[in-house]
Amino acid sequence: MPREFLFSYTDHEGQSSRRRVRVMGIASNDGRQYLDGYCLDRNAMRTFRVDRIQGEMTDAETGELVNVYRLLAGTDKRRHMDYTPAKPDFSSPETGEEFDAEEPPITVLFTGFAKARKAELEAAAEAAGLEVRSTVSKSLDYLVCGPKAGPAKVTKAEGLGVEVIDEYVFEAITEQRPERHHQRQQAGSPPR
């Protein structure tokens, strides 16, 4: 890993879609297993519940059909894996001129971490221009779960469509943002 796979996935609302994902690793929480990766269809980091993947996955490079449980069995315990997606193109397709695409801030909430670790993660989020929240709501982008995350908060987040990730996926997200955050500050835009 990381490796690119194509698969059919059913989300928490029962909607099925075909996904192309650069899988960066695996995680587990509350007895469930997840694939973490960069979804090329959504241009964002995503976490996919393994039991919602339909049928076999297709290795995008080789065309090989891979059973997700075979992939999990052949992978060592979750560890950080580097991946940086291509930078988005903010130029106009008609003229080629660049324009400022002001993005809303990405919002995160940390749960299940020791107090000191949570403070470190919140500081890293703010340094990368993310907005730290204190409650689960529909406007939350990511619930970052530590080893002691409560199932009620995770269930609420999933029910609202919030992406539930672990700290390794969070670190990959923040590694992608500092350069853009720094560029905004140099251009005179206020930091987020």
Side-chain angles (χ1 to χ4, degrees), residues 1-89 93 101 103-104 106-109 111-112 130 136-146 149-177:
M1 289 202 205
R3 195 141 185 108
E4 200 170 299
F5 292 97
L6 296 141
F7 55 86
S8 294
Y9 185 75
T10 302
D11 67 17
H12 69 281
E13 294 176 343
Q15 299 295 315
S16 293
S17 61
R18 190 85 174 138
R19 301 292 187 100
R20 185 179 191 103
V21 177
R22 179 90 170 171
V23 176
M24 297 168 43
I26 60 172
S28 62
N29 187 21
D30 201 26
R32 291 188 173 136
Q33 293 181 303
Y34 299 86
L35 292 181
D36 295 327
Y38 188 82
C39 179
L40 297 164
D41 300 308
R42 304 292 193 267
N43 291 322
M45 296 298 299
R46 294 286 192 253
T47 300
F48 298 92
R49 268 183 44 183
V50 168
D51 62 332
R52 292 184 180 163
I53 294 175
Q54 304 166 359
E56 294 188 326
M57 303 187 314
T58 304
D59 184 314
E61 185 177 329
T62 66
E64 174 187 9
L65 294 178
V66 178
N67 180 288
V68 67
Y69 295 101
R70 193 178 93 209
L71 175 70
L72 294 174
T75 305
D76 292 337
K77 202 158 181 94
R78 176 74 164 99
R79 60 180 177 260
H80 177 75
M81 295 171 215
D82 292 327
Y83 173 68
T84 304
K87 292 185 178 172
D89 178 10
E103 307 170 30
I106 293 176
T107 57
V108 295
L109 168 63
T111 188
L130 280 65
V136 175
S137 68
K138 192 175 181 181
S139 64
L140 183 67
D141 292 307
Y142 296 107
L143 176 64
V144 184
C145 294
K153 195 173 274 189
V154 172
T155 301
K156 181 178 180 181
E158 288 177 337
L160 293 172
V162 174
E163 293 294 324
V164 178
I165 62 175
D166 64 17
E167 69 181 290
Y168 301 103
V169 174
F170 165 74
E171 288 172 356
I173 292 168
T174 58
E175 287 172 4
Q176 296 170 21
R177 294 191 58 83

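Note that these values count all heavy atoms, side chains included, but never hydrogens, waters or copies made by symmetry.
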To the nearest 0.5 angstrom, please state how far the CG atom of Leu65 sits from the OG1 atom of Thr58. 5.0 Å

Does some side-chain heavy atom of His12 sit less than 4.5 Å from a side-chain heavy atom of Arg49? no

In Å and rounded to the nearest 0.5 Å, what is the CE to OH distance from Met45 to Tyr142? 7.0 Å

By salt bridge (Lys or Arg N to Asp or Glu O under 4.0 Å) - contacts of Asp41 (at least two apart): none

Return all side-chain donor-acceptor pairs below 3.5 angstrom for residues 152-165, not counting sequence neighbours, or 'none' if the list is empty.
| residue | atom | partner | partner atom | Å |
| --- | --- | --- | --- | --- |
| Thr155 | OG1 | Pro151 | O | 2.8 |
| Glu158 | OE2 | Tyr34 | OH | 3.4 |
| Glu163 | OE1 | Thr47 | N | 3.4 |

Please report the interatomic distance CD(Glu4) to CG(Leu40), rounded to the nearest 0.5 Å. 5.0 Å

Going from CD1 on Ile53 to OH on Tyr69, what distance comes out if it is rounded to the nearest 0.5 angstrom? 8.0 Å

Do the non-hydrogen side-chain atoms of Leu35 and Val21 ever get within less than 4.5 Å of each other? no

Could you tell me whether the side chain of Asp141 reaches within less than 4.5 Å of the side chain of Val108, counting heavy atoms only? no

Presence of salt bridge, Asp11 and Arg52, under 4.0 angstrom: no

Within a strict 4.5 Å, meaning less than it, do heavy atoms of the Glu61 and Arg3 side chains meet? yes

Can you give me the closest heavy-atom contact between Tyr9 and Gln54, atom names plus distance? C-NE2, 4.2 Å

Is there side-chain contact between Ser17 and Gln15, with at least one heavy-atom pair below 4.5 Å? no

Let's go through Cys145 and Asp166 carefully: what are the C-alpha distance in whole Å and the side-chain angles of both, what is the deciding distance for side-chain contact (heavy atoms from CB on, under 4.5 Å) to 0.1 Å, and is it a yes or a no? CA-CA 5 Å; Cys145 294; Asp166 64 17; 5.8 Å; no

Taking all atoms of both residues into account, what is the closest heavy-atom pair of Phe5 and Val23, and its distance? CD1-CG2, 3.6 Å

When rounded to the nearest 0.5 angstrom, what is the spacing between CG in Leu140 and OG1 in Thr107? 4.5 Å

Nearest heavy-atom contact between Phe48 and Cys39 is CZ-CB, 4.2 Å

Of all heavy-atom pairs between Ser16 and Thr10, which one has the smallest distance, and what is that distance? OG-OG1, 3.1 Å

Separation of Met24 CE from Arg46 CZ (nearest 0.5 Å): 13.5 Å

